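Note sheet for the following structure.
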Amino acid sequence: ELLAFLFLKTFDPCQKTSDFKEMMRKSRTTAGLIELVSGLYDNAIMSMRIGSMATGKALHCPMGGTLPSVNGKGAGKALRMRACEVALERGFN
């Protein structure tokens with residue numbers, strides 16, 4: 001049984017992002033989430049490895065999740081930790 005999932009892709013700073021303004025206009029919930037995540041990125045930008053992003057050595061996690069039955073049991077965290085280990089093994093920063 002699949003308990004958790006995580007999608008990773010190489011971070012591409014030149015990739016066109018979604019039209020966030022349109023998404024925010026359509027849903028107040030989405031607007032709040034976008035504002036929250038944008039604020040987190042703004043606060044963390046100084047600690048990010050910008051050089052890694054520009055050279056293709058950074059990964060981005062666009063989506064992940066766990067089954068409600070395993071929420072709070074560490075499955076998502078374990079999956080993310082393993083993803084970091086595998087990324088380092090494969091040359092990502």
Side-chain angles (χ1 to χ4, degrees):
E1 178 179 17
L2 180 66
L3 301 177
F5 70 95
L6 194 65
F7 295 129
L8 300 172
K9 64 180 185 176
T10 303
F11 180 82
D12 181 0
C14 298
Q15 181 181 3
K16 184 180 182 314
T17 58
S18 299
D19 185 0
F20 291 125
K21 288 182 183 178
E22 179 66 18
M23 292 169 61
M24 292 173 76
R25 187 184 64 74
K26 288 183 178 180
S27 167
R28 292 181 66 176
T29 303
T30 302
L33 181 61
I34 290 171
E35 286 184 29
L36 174 67
V37 172
S38 295
L40 291 172
Y41 273 113
D42 289 345
N43 290 335
I45 193 70
M46 296 311 289
S47 65
M48 289 184 174
R49 295 182 173 186
I50 303 298
S52 297
M53 292 179 191
T55 60
K57 296 282 186 175
L59 285 179
H60 169 64
C61 177
M63 184 181 295
T66 58
L67 283 178
S69 61
V70 296
N71 280 348
K73 296 183 179 174
K77 182 178 180 178
L79 186 58
R80 290 188 306 275
M81 297 295 290
R82 181 64 186 133
C84 288
E85 292 170 1
V86 171
L88 288 171
E89 291 169 5
R90 294 183 181 180
F92 290 94
N93 294 338

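Please read these numbers as outputs of a predicted model, since none were measured by experiment.
Partners of Arg82 by salt bridge (Lys or Arg N to Asp or Glu O under 4.0 Å), not counting sequence neighbours, listed by chain and number: Glu85, Glu89. Remark: Leu3 engages Glu1, Leu67, Val70 in a side-chain contact (heavy atoms from CB on, under 4.5 Å) (not counting sequence neighbours). Residues that satisfy the side-chain contact (heavy atoms from CB on, under 4.5 Å) test with Ala87, not counting sequence neighbours, are Leu59, Phe92.
Taking both residues in full, the closest heavy atoms of Thr66 and Ala4 are given as CG2-CB, 3.6 Å, listed atom of the first, atom of the second, then distance.
Taken to the nearest 0.5 Å, the NE2 atom of His60 stands 9.5 Å off from the CG atom of Leu8.
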